[in-house]
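The next block holds one structure in the form of structure tokens; read it before the comments.
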2 protein chains.
Amino acid sequence: MSSEELASAAGVGSAKLRKDLSHLGSYGTRGVGYEVQYLIYQISRELGLTQDWKVVIVGIGNLGHALANYGGFTSRGFTVAALVDADPRVIGETVAGLTVSSLDSLDETVSSLGIQIGVVATPGPAAQEICDRLVTAGVTGVLNFAPCVLTVPDGVMVRRVDLATELQILAFHEQRRAANRLAGEMPTEPQDLNAALNAARPVPPATLTKSRAEAAG
Amino acid sequence: MSSEELASAAGVGSAKLRKDLSHLGSYGTRGVGYEVQYLIYQISRELGLTQDWKVVIVGIGNLGHALANYGGFTSRGFTVAALVDADPRVIGETVAGLTVSSLDSLDETVSSLGIQIGVVATPGPAAQEICDRLVTAGVTGVLNFAPCVLTVPDGVMVRRVDLATELQILAFHEQRRAANRLAGEMPTEPQDLNAALNAARPVPPATLTKSRAEAAG
DNA sequence: AACTGTGAATATTTTCACAGCA
DNA sequence: TGCTGTGAAAATATTCACAGTT
């Protein structure tokens, strides 16, 4: 299969696809293309998909349920090995074939099962403490769905998925398009915003006026 | 509040934060810092948070449930205006205060409610058709949770959230660290991988051997 | 003829470092 | 003095375009 075909399937340009693959090695054949099976194997190995990773999900609310039941993990080498929650009404419940265990048992669960990755699906205020306990127990990667920044020591990686932010990015572009439709190529900062700003009055008028003058100059 | 404080709260460097804010205008005060309330207002306006966006969620499985119940949307100006599913067992059910309506009504729901953003939480095979119908009905932004690339016409934006990919990125870095721990600064492509490759035998040995030779040379 | 792999060119992002202002 | 805003520099990422290979 050619880089052109692979690229369009992936939604990127062919040059980018070839450049990216070249970082793994020369696994294509000039004049012919790529052997898909071989490529899959090489990419899988490079990405660490040849080994199995154990995951604990902390916080079995709506999102935790969805994650526990999400089929996409298993097929990519992730095993949800434990579910943990703080709420006594949830503890003991069976979700996706696993029994939800108490937050108290988190440390022991992680160490004894050899869990490497923790998924934080708790409310924001609880997230940092959960994260600290995960790290102490030996987790080296954290996927954070809580709406906050998590601080971790060196050697531990955090990734954050913020669902509201994803929608905001869509809304931002939509707004831009709508603005352009109305007024051709209007500058980013329209000058006659003073009325709106004063109406909203987020800070004392004095400061506001000064800052506007600065921005206009 | 100084750029240093804001940056550490956001988990980025202070130079980056100042540079980013400078694209909105000069809303800070030299020698002092930023007025947080004023900054919040300016950022909100620029991001389009001052207007309300209507969202339809298509596919009310585990993830759809979680999204419908997710509190973070409302506070950032998104209203989940409709829930749609194809499964007769789900249609009519009440989720997060809304009645799940039939897929047949999708087009009318979107146009009559003036929905701007569609969230696709369906299985992969259904996603493209749903997406097409959303776009035809007037949606201009799509948030895709299905594990596939969606094709849309110009003027429509798609963002994809792939939960398994997020875990893979964590696993990738974890694997790298583990490899480095074992062997200091081992090159990215160890040479003695032949045995493993042949054992896995993803392609006929001839091709495999040739490609390996090429990669080594 | 067809298609990869990759240097060189271009574009974008991030960081530095400091002039200028409160 | 302390901090912003921003050019200039450095680092990354993307695209071009073509030599090299089957």
Side-chain angles (χ1 to χ4, degrees), chain A residues 1-43 46-47 149 159-160 165 169 172-173 176 187-189 202-217, chain B residues 1-43 46 149 165 169 172-173 176 187-189 203-217:
Chain A
M1 185 175 282
S2 72
S3 61
E4 199 65 62
E5 293 172 278
L6 289 168
S8 94
V12 299
S14 65
K16 179 150 153 45
L17 184 129
R18 286 202 305 282
K19 177 70 93 180
D20 285 1
L21 288 183
S22 78
H23 292 301
L24 308 182
S26 294
Y27 297 137
T29 306
R30 289 167 196 242
V32 179
Y34 297 89
E35 171 70 35
V36 174
Q37 287 309 308
Y38 183 50
L39 205 50
I40 288 172
Y41 174 76
Q42 289 296 343
I43 294 172
E46 194 72 23
L47 293 182
V149 174
R159 287 189 64 82
R160 178 159 165 229
T165 297
I169 293 170
F172 172 74
H173 288 275
R176 277 298 191 79
T188 307
E189 288 292 328
V203 290
T207 307
L208 214 159
T209 306
K210 185 210 57 198
S211 296
R212 286 297 308 163
E214 207 181 347
Chain B
M1 185 175 283
S2 72
S3 61
E4 199 65 63
E5 292 172 277
L6 288 168
S8 95
V12 299
S14 66
K16 181 150 153 41
L17 184 129
R18 286 202 305 281
K19 178 70 93 179
D20 285 359
L21 288 185
S22 78
H23 292 300
L24 308 182
S26 294
Y27 297 137
T29 306
R30 289 168 197 240
V32 178
Y34 297 89
E35 172 71 33
V36 174
Q37 285 310 307
Y38 183 50
L39 205 49
I40 287 173
Y41 173 75
Q42 289 297 342
I43 294 172
E46 194 73 23
V149 174
T165 297
I169 293 169
F172 172 75
H173 288 276
R176 276 300 191 77
T188 307
E189 288 293 327
V203 290
T207 307
L208 214 161
T209 307
K210 185 210 58 198
S211 295
R212 285 299 306 164
E214 206 183 347

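Quick note on labels: first sequence line is chain A, next is B, and so on, each numbered from 1.
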Distance in angstrom units between A:L17 CG and C:dC3 C1', rounded: 13 Å
side-chain contact (heavy atoms from CB on, under 4.5 Å) partners of B:V32, counting only residues at least two apart: B:T29
Worked verdict on A:Y27 versus A:Y34 for ring pair (Phe, Tyr, Trp, His ring centres under 6.0 Å): CA-CA 7 Å; A:Y27 297 137; A:Y34 297 89; 9.0 Å; no
Spacing between A:Y27 atom OH and D:dT21 atom P, to the nearest angstrom: 19 Å
Length of the line joining A:E35:CD and D:dT22:C1', which is rounded to integer Å: 15 Å
Any donor-acceptor pair under 3.5 Å from A:E5 side chain to A:S2 backbone: yes
Taking N or O atoms only and anything under 3.5 Å, show me the protein contacts with nucleotides 12-16 of chain D, one pair per line.
residue, atom, partner, partner atom, Å
D:dT14, OP2, A:K16, NZ, 3.3

First encountered from the 5' end of DNA chain C, between A:S22 and A:V32: A:V32
Residue pair B:Q42 / B:Y38, side-chain heavy-atom distance below 4.5 Å: yes
Below 4.0 Å: OP1/OP2 of C:dA22 and any side-chain N or O of B:Y34: no
D:dC3 phosphate, OP1 or OP2, under 4.0 Å from B:S3 side-chain N/O: no
Close side-chain approach of A:L24 to A:L39, heavy-atom, < 4.5 Å: no
Base C:dT4 paired with A:R30 side chain (donor-acceptor, <3.5 Å): yes
Residue list, salt bridge (Lys or Arg N to Asp or Glu O under 4.0 Å) with B:R18, at least two apart or on another chain: none
